[in-house]
Structures are given as C-alpha cells and as structure tokens.
Amino acid sequence: MKRAILLDDISDGRLYKSGNTVNLDADGCSGCSYCCREMTDTIILDPWDIYMLSLGVGNTGNDISLAPLLAKGFVSLSVFEGLTLPRLSAKTGADFSSCVFLDETGRCRVHAYRPGFCRLFPLGRIYEDEGFHYFLQSRECRKEERKGVRIDKWLGIDNLEKYEDFILKWHEIQENIKEYLKGCDDENAGKINMMLLKLFYLAPYDAGRDFYLQFEERRKRLLND
Ligand code: SF4
Ligand code: SF4
C-alpha cells in the first residue's frame with residue numbers, strides 16, 4: 001500500500017528496467033541547470049561516485065579516495081538516516097546553491113565522471129524483492145517536452161550489469177548498518193560510521209584495477225569482520 005501511494009504520488013505509476021525506453025531526454029537540458037542548482041545538498045555519494053569524481057578531477061595514485069575531495073571542498077559529510085555519508089558540496093558565496101562542479105555556462109565540469117544520482121535524474125530507484133526497478137519522477141524535471149530514450153543509454157555507464165549489482169549490494173550494506181545502528185549508543189554509532197567511511201571511502205582505490213572487484217573485496221572484508 002505504502003509503495004503504491006508513493007508511486008502514484010510522484011511517478012507515472014510504472015516500473016522500469018534498464019532496457020526500457022522512458023521519456024527522459026529534455027533536449028540535453030539546454031538552457032536549464034535546475035538540478036545542479038537546487039538539489040546539490042541532496043546528492044549523496046556512494047563509493048563508485050567517489051572513485052569516478054576522483055578520476056574526474058585528475059587525482060591519481062593514493063588520491064583516488066574521499067580525503068582529497070573533502071580537502072578541496074568538492075564534497076562534504078552529512079548524516080543521512082543515521083549514516084555519515086559524503087554528498088556533493090555547494091559553492092560558497094552568492095552562488096551557494098550551485099554544485100561546485102557547475103561552470104559559468106551552466107554545464108557540468110565533470111560530466112563524464114558525474115555521480116550516479118546526476119545520471120539518473122529524473123529517474124529514481126525503488127528497491128524490493130531483493131532487486132530494484134527504476135521509476136520516473138514525473139513532476140521533477142522542469143521541461144515538459146522530453147523524448148524517449150533507453151535507460152541504459154541515459155545512464156551512460158560502462159558495464160551497467162556490474163554497476164547495478166554494485167548498487168544493490170551497496171544498498172543492502174546501508175540498510176543492514178542502519179538496522180544495526182538502531183541498537184547502538186552514540187559512541188558505538190560513531191565508530192561504525194567511521195569504519196564504514198574508512199573501508200569504502202577513505203582507503204584509496206587503485207585506478208588501474210576494476211572498481212567492482214575492489215568494492216567486492218571490501219564488502220567481503222566487512223562481512224567477515
Ligand atoms: S556533478 Fe555535475 S551533473 Fe551533478 S550536480 Fe554537479 S554539476 Fe550537476
Ligand atoms: S530540470 Fe530537467 S531539463 Fe533542467 S537540468 Fe534537470 S533534467 Fe535537465
């Protein structure tokens with residue numbers, strides 16, 4: 001019932017897989033950068049996003065990690081449903097509501113490396129039955145005329161099958177940790193959050209190795225500890 005209300009309220013009521021075609025393409029967003037101006041502080045970053053953004057800003061070696069992105073102010077930490085997670089930073093000063101990566105012409109400076117959330121919009125994900133579907137957030141995009149495009153093309157992610165598997169596993173990790181945190185006092189909750197940050201965000205990734213393999217190694221380490 002809750003799911004039906006949610007979907008009826010914010011979507012066209014349909015669920016999609018990556019091979020489906022949905023009206024998403026607002027002519028390359030020409031003349032509009034609403035998403036990059038108004039939604040920045042809601043864009044939570046997963047480990048793949050941190051890996052990609054690190055490459056996008058030219059980091060190499062031990063700098064494929066959250067720490068240099070934090071140090072340069074590209075991302076900041078926030079608490080979301082009990083979890084301490086990175087999110088995209090907004091610019092400071094008069095333009096404080098714009099993403100740090102939005103340029104003067106309204107384009108993304110790290111387009112090829114942009115986070116998964118930016119790629120998805122105006123799609124969302126709904127998780128159920130040990131999997132997930134995409135849904136269209138039908139009222140979110142400011143342009144009403146949108147052309148049909150296949151979701152896999154829209155996302156533009158190499159190895160989408162591996163990426164979707166990662167998304168599902170990362171979601172499971174977060175849900176399990178959130179559940180675990182309910183029984184923790186503040187001190188232990190802080191330790192768990194720090195462990196999660198260190199394992200999946202702060203320990204540098206190797207740009208020369210497959211991201212998904214490295215994520216899997218870390219996931220197994222978490223499960224075995
Ligand atoms: S990373 Fe790029 S696409 Fe995402 S909000 Fe920032 S400017 Fe927009
Ligand atoms: S509101 Fe629509 S057209 Fe505007 S930036 Fe977002 S997706 Fe593109």
Side-chain angles (χ1 to χ4, degrees), residues 9-12 14 16 18 20-59 63-78 80 85-126 134-158 160 163 166-167 170 201 205 207 211:
D9 223 28
I10 64 171
S11 79
D12 60 4
R14 298 172 63 189
Y16 302 103
S18 59
N20 292 132
T21 296
V22 186
N23 287 344
L24 299 166
D25 186 359
D27 192 23
C29 301
S30 59
C32 179
S33 53
Y34 169 80
C35 299
C36 310
R37 293 187 185 281
E38 303 300 329
M39 300 175 66
T40 303
D41 60 356
T42 67
I43 300 181
I44 302 288
L45 304 167
D46 63 34
W48 182 86
D49 296 328
I50 293 300
Y51 177 85
M52 291 295 282
L53 282 175
S54 297
L55 299 179
V57 299
N59 289 350
D63 282 349
I64 312 293
S65 145
L66 173 65
L69 296 174
L70 279 174
K72 287 186 180 156
F74 293 138
V75 304
S76 44
L77 291 177
S78 61
F80 179 71
L85 296 169
R87 65 176 178 183
L88 279 177
S89 292
K91 287 177 186 166
T92 50
D95 204 11
F96 67 90
S97 66
S98 295
C99 173
V100 280
F101 293 115
L102 191 68
D103 74 12
E104 310 67 41
T105 65
R107 309 299 294 180
C108 175
R109 284 196 179 91
V110 289
H111 183 75
Y113 302 91
R114 68 198 183 284
F117 187 96
C118 307
R119 293 168 187 268
L120 264 182
F121 196 85
L123 291 170
R125 291 190 205 105
I126 183 160
Y134 298 98
F135 67 92
L136 175 64
Q137 303 180 75
S138 48
R139 296 184 202 155
E140 293 297 324
C141 178
R142 292 304 181 259
K143 293 205 176 184
E144 289 186 4
E145 293 296 315
R146 296 192 302 268
K147 285 183 284 190
V149 59
R150 269 178 63 128
I151 291 175
D152 49 7
K153 192 169 171 224
W154 181 249
L155 295 173
I157 294 174
D158 293 339
L160 187 58
Y163 176 77
F166 153 72
I167 287 294
W170 181 239
Y201 289 99
Y205 286 86
F211 165 80

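Just so you know, ligand 1 is whichever comes first in the structure, and atom 1 is the first atom listed for that ligand. All values below were derived from every heavy atom in this structure, side-chain atoms included, with hydrogens, water molecules and symmetry-related copies excluded.
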When you measure from atom 8 (Fe) of ligand 2 to the N, O or S atoms of C35, does any of those distances fall below 2.8 Å?
no
Could you tell me whether K153 atom NZ has more than 12 heavy atoms of other residues or ligands within 6.0 Å of it?
no
If you count the non-hydrogen atoms of other residues, nucleotides and ligands that lie under 6.0 Å from OH in Y113, is the total more than 12?
no
For [atom], which protein heavy atom lies nearest, and how many Å away is it?
atom                    : answer
atom 1 (S) of ligand 2  : R142 N, 3.2 Å
atom 2 (Fe) of ligand 2 : C141 SG, 2.3 Å
atom 8 (Fe) of ligand 2 : C29 SG, 2.3 Å
atom 4 (Fe) of ligand 2 : C32 SG, 2.3 Å

Between R14 and D12, is the closest basic N to carboxylate O distance under 4.0 Å?
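So D12 does not pair with R14 through a salt bridge.
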Heavy-atom distances under 4.0 Å decide this one: backbone, side chain, both or neither, for S33 against ligand 1?
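Near ligand 1, S33 shows nothing, with every heavy atom at 4.0 Å or more.
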Quick check against the 3.5 Å criterion: does R142 have a side-chain atom that pairs as donor or acceptor with the backbone of E140?
yes
Closer than 3.5 angstrom, by distance alone: can the side chain of Y201 be matched with the main-chain N or O of L45 as a donor-acceptor pair?
yes
For ligand 2, is any non-hydrogen atom under 4.0 Å from A26's backbone (N, CA, C, O), its side chain (CB onward), both, or neither?
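A26 to ligand 2: side-chain contact only, backbone stays beyond 4.0 Å.
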Proximal candidate to atom 7 (S) of ligand 1 [heavy atom criterion; set G106, C108, G56]
C108
What I'd like to find out is whether the side chain of S54 reaches to under 4.5 Å of the side chain of Y205, using heavy atoms alone.
no
Mind checking whether L69 and P86 have side chains closer than 4.5 Å, heavy atoms only?
no
Hey, which atoms in ligand 1 end up nearer than 4.0 Å to a heavy atom of P115?
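Heavy-atom distances to P115 below 4.0 Å select 1 (S).
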